[in-house]
Structure formats: structure tokens, C-alpha cells
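Quick caveat: nothing in here was measured; it's all calculated off a predicted structure.
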Amino acid sequence: MGQRLSESRDAAGRTTIELQDEPPKLLLLCCVLSLAPFLVYGWAALYFTLAMLFVFGSLSTWFTVARRRMRVTVDVAARTLAVESGPKPRVLALDEVRAARIAGGEGRPGNQRVELVLRSGETLPLYVGLGGFREADCRSLADRVQGLLPLSQS
């Protein structure tokens, strides 16, 4: 499963940076291919085809809904940084954030995360859950967030 780093800016000047898993294209392909027995054998394969559609469709839906994501929205005009991690989003003043850094991994590739270091010494993870992301993608996200932080110091 691939990962995608995207950045967007809205009309109000807020910058949103997001790293997320891409939708599971292989499972969607399996859903489409599960129609093949019905097309080849006709009504005799109806129940088998429906069972495969149910299994692959359920898996595809679950992966799409439960996909991992780290998202940060920086509003330089309002001097705030919004983090969507865990059950509730959190909004911080830009002055509270000291740095963005890579965390986690424990020597396993593809299990990295990004966290914010606050002036109080607290660390705020951008992703709460199982697994993680590739180090190169996390480094890009951390560097981009770090690059937006000095804009608030002027």
C-alpha cells in the first residue's frame, strides 16, 4: 500500500499538510475480478460471486475507512497550528510549538511517525494508532512543518 504526501492552501491562507495511506487499489481490483466467475459460469456461480464480493468489498471498505493519516493545518494569520490526531483535534498557538521531529520506528523500516515538541517539553504525536509511515515521507512532513514554524516568529 502506498503513501501520499499532499499540501494545500485555502483562500484564507491556511496551509494543510497531510500524509496518508493511499486507497487499496489491489482490493478494489479483486472486487472487480470477483465478477469473473459469474460472467463465465452464469447463474450457477451467483452465490460464489456474491460471497467474494462481500469479502473483498468488506476488506476494501475497512482499509479505506481505517487508513492511517497525519494531518497538520497551519494558519499563519491567526498564529495557530491544528493537529488532527487521536479522537479529538487539538489547536495550538504557533508560539507553543518548538519543533517537528521524527519519532518511533524502533529499528523497523516503515514504522516512523512525526511528533511536535512543545515549549512545555510535552510531545504531541501527529498519528496515534498501529503501524507508521516511511521515513522519507515522515522527514518531508516534519521538514515542511518545521519550515512553516519560523513564519510565525516574525
Side-chain angles (χ1 to χ4, degrees), residues 1-35 50-154:
M1 193 178 313
Q3 296 170 355
R4 179 183 57 194
L5 179 67
S6 62
E7 182 174 336
S8 62
R9 185 177 295 239
D10 64 7
R14 290 184 295 260
T15 302
T16 301
I17 307 164
E18 183 173 45
L19 177 61
Q20 69 178 355
D21 286 335
E22 289 183 338
K25 294 180 178 88
L26 182 60
L27 283 175
L28 293 175
L29 177 65
C30 288
C31 285
V32 172
L33 291 178
S34 65
L35 294 173
L50 290 176
M52 287 195 322
L53 277 172
F54 176 75
V55 169
F56 289 124
S58 298
L59 285 172
S60 181
T61 302
W62 181 76
F63 277 118
T64 301
V65 169
R67 80 182 156 193
R68 298 171 296 178
R69 166 174 107 159
M70 291 189 284
R71 182 178 176 139
V72 177
T73 302
V74 179
D75 188 348
V76 178
R79 301 177 61 80
T80 60
L81 183 136
V83 176
E84 293 181 23
S85 68
K88 62 179 184 171
R90 190 165 167 188
V91 178
L92 305 165
L94 280 175
D95 296 337
E96 289 182 51
V97 182
R98 185 183 322 159
R101 67 178 183 196
I102 295 178
E106 293 85 32
R108 296 189 334 241
N111 200 26
Q112 311 294 324
R113 300 164 189 225
V114 177
E115 63 186 14
L116 299 176
V117 180
L118 305 181
R119 297 230 179 264
S120 65
E122 177 188 0
T123 58
L124 179 64
L126 296 187
Y127 172 71
V128 178
L130 297 174
F133 296 88
R134 290 188 299 254
E135 184 175 359
D137 293 332
C138 287
R139 188 165 307 287
S140 296
L141 176 63
D143 290 346
R144 188 64 188 113
V145 171
Q146 188 68 35
L148 289 172
L149 291 178
L151 293 175
S152 68
Q153 308 301 325
S154 57

Let me confirm one number: the [atom1]-[atom2] distance from [X] to [Y], rounded to the nearest 0.5 Å.
| X | Y | atom1 | atom2 | answer |
| --- | --- | --- | --- | --- |
| E7 | L141 | CD | CG | 9.5 Å |
| L94 | T80 | CG | OG1 | 6.5 Å |
| R144 | T15 | CZ | OG1 | 6.5 Å |
| F56 | T61 | CZ | OG1 | 13.0 Å |
| E115 | E122 | CD | CD | 10.5 Å |
| D137 | I102 | CG | CD1 | 10.0 Å |

Item checked: Test log, rule side-chain contact (heavy atoms from CB on, under 4.5 Å), inputs V72 and V74 -> CA-CA 6 Å; V72 177; V74 179; 4.0 Å; yes
Determine the minimum heavy-atom distance between [X] and [Y], stating which atoms define it.
| X | Y | result |
| --- | --- | --- |
| V114 | C138 | CG2-O, 3.5 Å |
| L53 | C31 | CD2-O, 3.4 Å |
| A142 | A100 | O-CB, 3.8 Å |

Notebook entry, point to check: So, D95 and R79, do they make that salt bridge, N to O below 4.0 Å?
Noted result: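 Between R79 and D95 there is a salt bridge, with a charged N closer than 4.0 Å to a carboxylate O.
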Next item on the list: Test side-chain contact (heavy atoms from CB on, under 4.5 Å) on R101 and T123 and set out the steps.
Entry: CA-CA 10 Å; R101 67 178 183 196; T123 58; 3.3 Å; yes
Margin query: Is there a side-chain contact (heavy atoms from CB on, under 4.5 Å) between I17 and L5? Walk through the geometry before answering.
Written below: CA-CA 7 Å; I17 307 164; L5 179 67; 4.1 Å; yes
Next item on the list: Report the C-alpha separation of D10 and T16 in whole Å, then their side-chain angles, then the decisive distance to 0.1 Å, and conclude whether the side-chain contact (heavy atoms from CB on, under 4.5 Å) test is met.
Entry: CA-CA 8 Å; D10 64 7; T16 301; over 6 Å; no
Check: Residues two or more places apart in sequence or in another chain: which of them pass side chain to side chain donor-acceptor pair (under 3.5 Å) with S140?
Finding: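 Once residues adjacent in sequence are excluded, S140 has no partner under the side chain to side chain donor-acceptor pair (under 3.5 Å) criterion.
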Note to self: Take a 6.0 Å sphere around CZ of R98 and say whether it holds more than 12 heavy atoms from other residues, nucleotides or ligands.
What the structure shows: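 Enclosed: over 12 neighbouring heavy atoms sit under 6.0 Å from CZ of R98.
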Notebook entry, point to check: Taking L81 as the fixed residue, which of L116, L124, V76 is the one that meets the side chain to side chain contact (heavy atoms under 4.5 Å, CB included) rule?
Noted result: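 The residue from L116, L124, V76 that satisfies side chain to side chain contact (heavy atoms under 4.5 Å, CB included) with L81 turns out to be L116.
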